[in-house]
Amino acid sequence: MDVRQTIDAVEQWLRTFVLSEWTFYQFGIIAVGYLAASFLASRTEPALESKARRIKGNPDLLRVIIAFMRRLKWLFLAVWLWLANVALTQTTWPSRRWLVSTALTLTAAWFIISVLTKIIRNHTLSRIVAIASWSYVALYALRLDDPVLSALDGLAVNLGAVRLSLLLVLKAVVLAVTLIWVAVLVGNVLSHWVQRSGDLSPSIKVLISKFIKIGLIIIAGAIALSATGIDLTALTVFSGAVGVGIGFGLQKVVSNFISGIIILLDKSIKPGDTITLGDTFGSIRDLRSRFVSVITRDGKEYLIPNEDFISQQVVNWSFSSDYVRIDVDFGTAYDSDPHEVVSIAIATASTLDRVANQYKPPVCWLICFGASSLDFRLRFWISDPANGLTNVRGQVLMALWDAFKQAGISIPFPHREIIMKTPVEIKHSRED
């Protein structure tokens with residue numbers, strides 16, 4: 001076909017499809033449908049969105065429903081174009097409805113893609129995925145996908161026996177991201193199902209959840225590479241380099257990962273346990289593949305590497321039992337009756353709500369004849385160390401103060417005697 005024939009073909013296409021009266025009719029149908037859809041959406045979206053926001057407990061579902069409500073304009077337009085396309089199909093030639101048909105495809109695709117991508121919480125990433133997906137659908141609808149894909153496939157380099165093209169890279173990235181995202185989503189659903197099981201211990205639940213997520217991600221990556229036509233045996237050349245990288249550059253990462261698995265298998269700690277590691281005292285919130293999340297009583301959240309729980313001394317206040325013994329030391333004056341002090345201390349501690357009298361009753365012992373006081377030690381048990389230790393000690397001391405004050409038992413001040421070896425003469429000045 002020479003240049004003249006090409007120009008004639010383009011002119012014939014313009015007269016037949018673009019400049020024909022049916023093209024203007026279709027533009028009019030699309031414009032009327034857009035205005036009508038906008039009007040209907042402005043009347044229905046606010047009421048439906050206010051009802052949808054009453055959904056509680058599932059933010060992902062709420063995000064998708066709200067996105068659906070805010071895009072009713074495109075849904076109404078797609079319905080209108082579908083009805084128009086059906087009517088044109090019954091009354092005229094296919095060439096006289098191509099614009100309506102293409103607009104229907106693009107509108108329906110944008111509505112579906114823009115709603116589904118709202119599952120992605122990152123707004124920027126969600127917008128990029130939506131635009132990229134809709135752009136491919138647009139190329140397919142306009143029958144421009146083959147030329148574009150051929151051009152991308154032509155941009156390639158040869159790495160030995162492997163031909164690496166831009167199209168292959170894009171396919172691998174898109175498939176890998178999509179499959180991994182689906183794998184993470186499915187893994188979260190299965191993890192929630194495992195967490196609801198009442199027959200498994202908390203550490204086993206976390207271990208099973210991690211294995212499910214890691215396994216699904218590995219399977220998704222392998223499927224993505226196989227689907228794009230990449231020979232997995234070609235990657236064996238890089239396995240040695242990856243092993244060296246792990247050995248030298250990722251020692252801590254691998255160590256923390258293996259330590260996390262060991263922690264889950266030996267059940268030394270689990271979510272909800274109250275632990276002390278160094279100067280950190282708090283309850284375990286979550287066990288991750290690299291670290292353990294510990295929340296202290298002042299609201300700080302420490303992300304402690306798993307390796308520290310293997311190599312350092314850890315105090316687990318609730319490892320085999322939730323009951324913890326607490327000692328409170330105090331002193332009274334020498335003129336007080338120690339038998340009465342012991343009875344008052346035991347009776348006072350027994351009245352506090354957090355003291356576990358049903359497990360073991362409080363005891364009190366005279367432990368020392370101090371320089372200024374009779375020294376006692378009150379021992380009692382609690383079953384909720386996660387609620388704090390200092391506060392319960394403070395409650396016991398305040399209760400002892402009130403009880404001793406009511407019984408006339410005093411808390412002594414330190415006494416010191418000073419003996420002068422030589423007399424001290426005190427002289428008064430004239431001004432005195």
Side-chain angles (χ1 to χ4, degrees), residues 202 268-286 292-304 308-309 312-416:
S268 56
I269 58 175
K270 60 183 181 297
D273 281 351
T274 302
I275 61 98
T276 299
L277 178 62
D279 297 331
T280 304
F281 171 81
S283 60
I284 295 177
R285 178 184 180 185
D286 194 11
V292 176
S293 172
V294 178
I295 298 181
T296 60
R297 291 286 299 167
D298 55 0
K300 296 179 181 178
E301 186 168 2
Y302 289 86
L303 307 181
I304 304 176
D308 292 348
F309 286 87
Q312 298 185 24
Q313 181 178 5
V314 181
V315 178
N316 191 338
W317 295 81
S318 53
F319 178 67
S320 58
S321 174
D322 291 331
Y323 291 100
V324 175
R325 193 187 73 181
I326 297 179
D327 293 345
V328 173
D329 295 336
F330 63 93
T332 62
Y334 267 97
D335 59 357
S336 59
D337 183 0
H339 301 284
E340 183 183 4
V341 171
V342 169
S343 300
I344 293 175
I346 294 175
T348 302
S350 300
T351 60
L352 298 179
D353 294 334
R354 292 189 59 189
V355 176
N357 298 294
Q358 71 281 2
Y359 179 69
K360 288 184 179 180
V363 295
C364 184
W365 304 103
L366 176 64
I367 59 173
C368 181
F369 294 106
S372 304
S373 63
L374 298 174
D375 296 332
F376 296 87
R377 177 165 296 165
L378 175 63
R379 287 178 173 174
F380 57 91
W381 294 77
I382 64 173
S383 60
D384 54 349
N387 292 330
L389 305 179
T390 303
N391 53 4
V392 71
R393 287 192 179 99
Q395 293 173 4
V396 170
L397 288 173
M398 290 293 291
L400 289 177
W401 173 272
D402 295 336
F404 289 157
K405 185 177 181 180
Q406 184 177 3
I409 298 174
S410 60
I411 307 297
F413 293 100
H415 291 78
R416 298 290 183 268

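Throughout, residue positions are numbered sequentially from 1 according to the sequence presented. Values reported hereafter were calculated over all heavy atoms of this structure, with side chains retained and with hydrogens, waters and symmetry mates removed.
Considering only residues two or more places apart in sequence or on other chains, Phe404 meets the ring pair (Phe, Tyr, Trp, His ring centres under 6.0 Å) condition with Phe330. Residues that satisfy the salt bridge (Lys or Arg N to Asp or Glu O under 4.0 Å) test with Glu340, not counting sequence neighbours, are absent from this structure. Annotation: side chain to side chain contact (heavy atoms under 4.5 Å, CB included) contacts of Val314 (sequence neighbours excluded): Ile275, Leu277, Phe309. Legend: residues meeting salt bridge (Lys or Arg N to Asp or Glu O under 4.0 Å) with Asp286, ordered by chain and number and at least two apart, are Arg288. For Ser268, the side chain to side chain contact (heavy atoms under 4.5 Å, CB included) partners two or more places apart in sequence, or in a different chain, are Ile263, Asp266. Thr332 meets the side chain to side chain donor-acceptor pair (under 3.5 Å) test with Ser336; sequence neighbours excluded. In this structure, Thr280 has no side chain to side chain donor-acceptor pair (under 3.5 Å) partners at least two apart in sequence or on a different chain. For Ala333, the side chain to side chain contact (heavy atoms under 4.5 Å, CB included) test picks out Asp335, Ser410, Pro412, with sequence neighbours left out. Every residue meeting the side chain to side chain contact (heavy atoms under 4.5 Å, CB included) condition with Arg379, not counting sequence neighbours, appears here in chain and number order: Arg325, Asp327, Val363, Arg377. For Thr348, there are no side chain to side chain donor-acceptor pair (under 3.5 Å) partners, not counting sequence neighbours. In this structure Ser283 satisfies the side chain to side chain donor-acceptor pair (under 3.5 Å) test with no other residue, sequence neighbours excluded. Annotation: salt bridge (Lys or Arg N to Asp or Glu O under 4.0 Å) contacts of Asp384 (sequence neighbours excluded): Arg354.
Atom CZ of Arg393 and atom CG of Leu378 lie 11.5 Å apart (nearest 0.5 Å). Put simply, OH on Tyr359 and CH2 on Trp381 are 5.0 Å apart, with the number rounded to the nearest 0.5 Å. Rounded to the nearest 0.5 Å, atoms CZ (Phe376) and CD1 (Ile367) are 9.5 Å apart. Between the OH atom of Tyr302 and the OG atom of Ser293 there is a distance of 12.0 Å, given to the nearest 0.5 Å. Residue Asp329 holds its CG atom at 9.5 Å from CG of Leu397, rounded to the nearest 0.5 Å.
For the pair Asn357 and Ser350, the tightest heavy-atom approach, listed with the atom from each and the gap, is ND2-O, 2.9 Å. In plain terms, the two heavy atoms of Val342 and Cys364 that are nearest each other are CG1-O, 3.6 Å. Among all heavy-atom pairs drawn from Gly331 and Ile411, the shortest one is O-CD1, 3.1 Å. Of all the heavy atoms in Ala345 and Leu400, the pair that sits closest is CA-CD2, 3.6 Å.
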Practice item. Using the side chain to side chain contact (heavy atoms under 4.5 Å, CB included) rule, take Ile409 and Ile344 through it: C-alpha gap first, then chi angles, then the decisive distance, then the call. Key: CA-CA 10 Å; Ile409 298 174; Ile344 293 175; 3.7 Å; yes

Exercise for review: Could you walk me through whether Asp375 and Phe369 pass the side chain to side chain contact (heavy atoms under 4.5 Å, CB included) test, one step at a time?
Suggested key: CA-CA 6 Å; Asp375 296 332; Phe369 294 106; over 6 Å; no

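Partner of Ile326 under the side-chain contact (heavy atoms from CB on, under 4.5 Å) criterion, chosen from Val355, Val392, Val396: Val392.
Using a 30° and 60° split on the angle between ring planes, Phe281 and Trp317 fall in the perpendicular class, above 60°.
With hydrogens and angles disregarded, a donor-acceptor distance shorter than 3.5 Å links the side chain of Tyr334 to the backbone of Gly370.
Within a 6.0 Å sphere centred on CD of Gln358, heavy atoms belonging to other residues, nucleotides or ligands number more than 12. For Gln312, the CD atom is densely surrounded, since the number of other residues' heavy atoms within 6.0 Å is greater than 12.
A 4.5 Å side-chain heavy-atom check between Asp308 and Val292 finds every atom pair outside the cut-off.
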